[in-house]
Amino acid sequence: MAEEKQPLNREQMAAVLAQNMGYGWIVNLGIGIPTNVSNFLTPEQEIVLHSENGVIGYGRLAGEGEEDPDIVNASATQSVTLNPGAAIVHHADSFNVIRRGMIDVTCLGAYQVAPDGSFANWKITTEPWNNLGGIGGAMDLASSAKQIYLAMDHQTRDGEPRLLEKCSLPVTAPSGVTLVVTNLAVVAVRNGKFILEQHAPGYSAEDIQAVTGARLEISPDFRRVSV
Amino acid sequence: MAEEKQPLNREQMAAVLAQNMGYGWIVNLGIGIPTNVSNFLTPEQEIVLHSENGVIGYGRLAGEGEEDPDIVNASATQSVTLNPGAAIVHHADSFNVIRRGMIDVTCLGAYQVAPDGSFANWKITTEPWNNLGGIGGAMDLASSAKQIYLAMDHQTRDGEPRLLEKCSLPVTAPSGVTLVVTNLAVVAVRNGKFILEQHAPGYSAEDIQAVTGARLEISPDFRRVSV
Amino acid sequence: MPRPRIVMSMDEAVAGFADNSSLMIPGFGPGQPTNLLAALWRTPATGLTTISNGVGFESADEDLKGLGDLVMAGRVTKVIAAFTASTRPSRTGTAEALVANGTLKAELVPQGTLAERIRSGGAGVPAFYTPAGVGTETATGKEHREFGGRTFVMETALFADYAFIRAWKADTAGNLVFRRAARNFNPIMATAARNVIVEVEQPIVEAGEIDPDQVHVPGIYVTTLVRIPVGGVLHINRASGMAVRQTA
Amino acid sequence: MPRPRIVMSMDEAVAGFADNSSLMIPGFGPGQPTNLLAALWRTPATGLTTISNGVGFESADEDLKGLGDLVMAGRVTKVIAAFTASTRPSRTGTAEALVANGTLKAELVPQGTLAERIRSGGAGVPAFYTPAGVGTETATGKEHREFGGRTFVMETALFADYAFIRAWKADTAGNLVFRRAARNFNPIMATAARNVIVEVEQPIVEAGEIDPDQVHVPGIYVTTLVRIPVGGVLHINRASGMAVRQTA
């Protein structure tokens, strides 16, 4: 009997991202689902979390009573804890870490992604360039991190696909995405293709392809997420 | 009866430089005679001494028993004291202070100077550009400080003039010198002219002009140095 | 420069702020010069060009009036920021309408480019190259250039008439120390403005009491120091949204 | 990157140093990685490109063998420095002869430009503009450009295979703290090399024992830590010219 369809929630998506971190990586977590990743990393992974605001080596979100008003992650509002060995630098030095290419992976939220590794996450209209939007550090991160992981809902609220043959919104970077974690699937982005690696409980490859705006190649290792 | 001719020694030249510092100036002292200036500044002048190596707010040369091996001036070997309120920055940040134009005056040694404010202090030959020499921070300082004061002997050891209509050695900067203190004279550099302001004890304007390779205009206020 | 002046109130610190000035405003969550901004709100200053991470929103609390309020009151001519508009449709409206009707100019800059442009302004470096934004709308019209087979865009330095700074500690020589993530844009903005006005959380100590090795901003950059007085805003409690105030 | 490895000897720290590597060497008086350089001297490494403030002179003391000795032994192919030759005619001869006969290349760089090129290498900035050297021989052949009516030259970033660093304190996460003017080029060179090997004056402490606000170089940049052992060189007594050694 087929398992009941159960999309991943935000914490589960963050947990999947955490599973895809290598030992000792330097990782930047963007606003949204990614900032939750810090709660799912294990000490054995020896991950160093880097934040745009210059906090290097932070840990999980601060619990009640643990909040220090001066220690926040990339959201600028979520309090986090510092791990032993943390260091603080100023904003320019923080982006030096990024621009030099030291970030092994940046995890970002996104509106759209395409098989060429391009993605869009800073502007919700296709109006001509009008200098309005919220870029934050996403473009710096996307242009210089070794990999880009995205966390996003598989479809818009209106049911439109977000995984597309080509982004229709202005892109944040023309390439670089290697992994997309959605509420329905885990999709690798390799050699100009979307490769469907994992599915949320109860979803078949056909279910996922039906709500995807680009062709999905099914991985030989296609399996249910384990979170 | 004429006073006996008495050229200024290095300490006296440093003292003259110190007299020409304005209240609250940020001052960089180069290797040689200039580093001695720190011993002649008064607390009332509220001068902040800046060194290329990132020491901001140092004081006089360290006396015996006062030397800290980690606190040196631009010579990289002379130990100096720190004034209350001193701060240390790294080498790039130190040159940011210079490049931004915050140095009110840089005091440098020199081989040659001309009335256009150009000077030479980094290379003793006119051989074609061969990438040999000792520039140190002089070019950065010369290009960005508000004023350049030079301290130098009036003549070479061979008796050749060092104040010339045009530098024959490769220049450190094509302009910017405003004051030249030599063992014989204090010469202002203004509007493309050398203006003879002060003389060492016993030296007449004619004596000084005779060993100078450019025309000296005599200041209406021409007088004996007071050090 | 002589030592910074030390004044006793925020209003005194911002007195004489000239119309049509440019102003750097640090802060990324913590590290915002909240009290100086509220004092600026109380002056008639207008025609501002601001440089900040984001533009922010309006506040009903007079003590928390900030950039969002100045923008909405039409006192800002141009914003240079990494967030010039909300990415959430539900919150759209802050500055967008003003930009649409031409009363506000916006310059949207990737955050790392923004930081490096500020740092360059403080470093006497007029321009530099960065890979950020290549292949996107933000690189539109910018000069592109290859180095080592990779494409970069040229970006130019930012320098302002004023910087408002929030420090944790300061001494009478103007040396500043920041705490944790409240550091963010503060050290670089403090080097990239002609007038650097600093609100300080802790009592201002005598020169010599801060270890020279631990200074984050040398005092030569600082024009004015003012300690946050009793009742002044230290930070915002994120749970309640209420101001946490200086008590002693 | 995982935490830096901590080794017990200088020889172990530099083991495997590859021929034809580029190497950053800090120091401006204090702050030189004396012990690592002496250990490098003991390896067969050759064909070096070095980046440092000056080239220095030879030393008779095996424990003080450094860049000057490597240069004179023909083990350096190129020096990039603000002092490539002595300005004193009486001391001419160190590297000049090697340059003259073509066995050594030299690149003479104004000191602030050198610092900024290193900092840019660590910042992922491939090139920038500076006013230093405009109108002099050092700007020969460089691209000139006007910004705001003033002329600047373009300079490119430096990045090396190795940096040898001298720190005052370090923790097991690799965080570094420097003391006074021994800081100089150390923090920027530590960000601008693939392999960052650090000799440390004080005992290496546990991660967490250095206040995050007082770290000068975040540990993520550091590859290898080695404490200066008993008998190792701490600094040179300037009066006697003798090495002052680690005693405990």
Side-chain angles (χ1 to χ4, degrees), chain B residues 21-28 41-59 68-73 80-106 137 139-146 176, chain C residues 1-6 24 115-128 157-160 163 167 169-178 186-196 198 204-223 225:
Chain B
M21 307 287 172
Y23 172 74
W25 280 10
I26 301 174
V27 174
N28 183 291
L41 298 168
T42 64
E44 294 69 35
Q45 287 180 289
E46 295 260 15
I47 299 286
V48 177
L49 291 179
H50 166 278
S51 176
E52 288 91 315
N53 57 354
V55 181
I56 301 172
Y58 69 91
D68 179 327
D70 288 337
I71 309 179
V72 293
N73 60 23
V80 291
T81 54
L82 294 184
N83 287 336
I88 311 289
V89 298
H90 62 53
H91 234 94
D93 280 348
S94 176
F95 277 88
N96 290 354
V97 174
I98 294 170
R99 225 184 288 103
R100 209 203 92 173
M102 296 185 74
I103 304 293
D104 289 291
V105 67
T106 178
M139 285 188 184
D140 310 86
L141 282 158
S143 67
S144 294
K146 291 177 193 156
Chain C
M1 198 180 74
R3 295 200 164 182
R5 66 188 186 126
I6 300 177
M24 299 232 176
E116 189 66 8
R117 290 178 67 189
I118 295 163
R119 188 262 172 198
S120 294
V125 166
F128 62 91
L158 291 170
F159 195 83
K169 293 181 181 176
D171 69 18
T172 54
N175 292 310
L176 306 182
V177 179
F178 305 95
N186 278 287
I188 51 174
M189 288 184 169
T191 67
R194 250 173 297 278
N195 298 286
V196 177
V198 186
I204 296 164
V205 300
E206 285 299 319
E209 289 188 37
I210 298 176
D211 183 336
D213 288 336
Q214 294 173 12
V215 170
H216 293 141
V217 171
I220 51 172
Y221 289 103
V222 174
T223 318
L225 292 172

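All chains are named by letter (A, B, ...) in the order of the sequence lines, taking the proteins before the strands, and each is independently numbered beginning at 1.
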* Asked: Partners of S143(B) by side chain to side chain donor-acceptor pair (under 3.5 Å), sequence neighbours excluded?
  -> none

* Asked: Do any of residues 209-218 of chain C come closer than 4.5 Å to chain B, heavy atom to heavy atom, and if so which ones, in number order?
  -> P212(C), D213(C), V215(C), P218(C)

* To do: Could you look at A207(C) and say if it's the side chain, the backbone, both or neither that has a heavy atom under 4.5 Å from chain B?
  => both

* Using non-hydrogen atoms and a 4.5 Å limit, figure out which bit of I98(B) sits close to chain C: side chain, backbone, both or neither. => neither

* **Which residues share a salt bridge (Lys or Arg N to Asp or Glu O under 4.0 Å) with E52(B), sequence neighbours left out** => none

* To do: Determine, step by step, whether R117(C) and F128(C) satisfy the side chain to side chain contact (heavy atoms under 4.5 Å, CB included) criterion, reporting the C-alpha distance in whole Å, the side-chain angles of both residues, the deciding distance to 0.1 Å, and the verdict.
  => CA-CA 8 Å; R117(C) 290 178 67 189; F128(C) 62 91; 3.8 Å; yes

* With distance as the sole test, does D171(C) use its side chain to make a donor-acceptor pair with the main-chain N or O of V205(C) at under 3.5 Å? -> no

* Of all the heavy-atom pairs spanning V72(B) and N53(B), show the shortest one and how long it is. => O-ND2, 3.1 Å

* To do: Keeping the roles fixed (side chain from N175(C), backbone from A170(C)), state whether a donor-acceptor pair exists under 3.5 Å.
  => no

* Grab the two heavy atoms, one from D68(B) and one from D70(B), that are nearest each other, plus how far apart they are. => OD1-N, 2.8 Å

* Close contacts, residues 187-195 of chain C versus chain B, judged by heavy atoms under 4.5 Å -> T191(C), A192(C), A193(C)

* To do: Please state whether the side chain, the backbone, both or neither of V97(B) comes within less than 4.5 Å of a heavy atom of chain C.
  => both

* Any donor-acceptor pair under 3.5 Å from H50(B) side chain to S94(B) backbone -> yes

* To do: Determine the minimum heavy-atom distance between G101(B) and K146(B), stating which atoms define it.
  => O-CE, 3.4 Å

* Mind ranking I47(B), V89(B), I56(B), N96(B) by heavy-atom pairs under 4.5 Å with chain C and telling me who comes out on top? => N96(B)

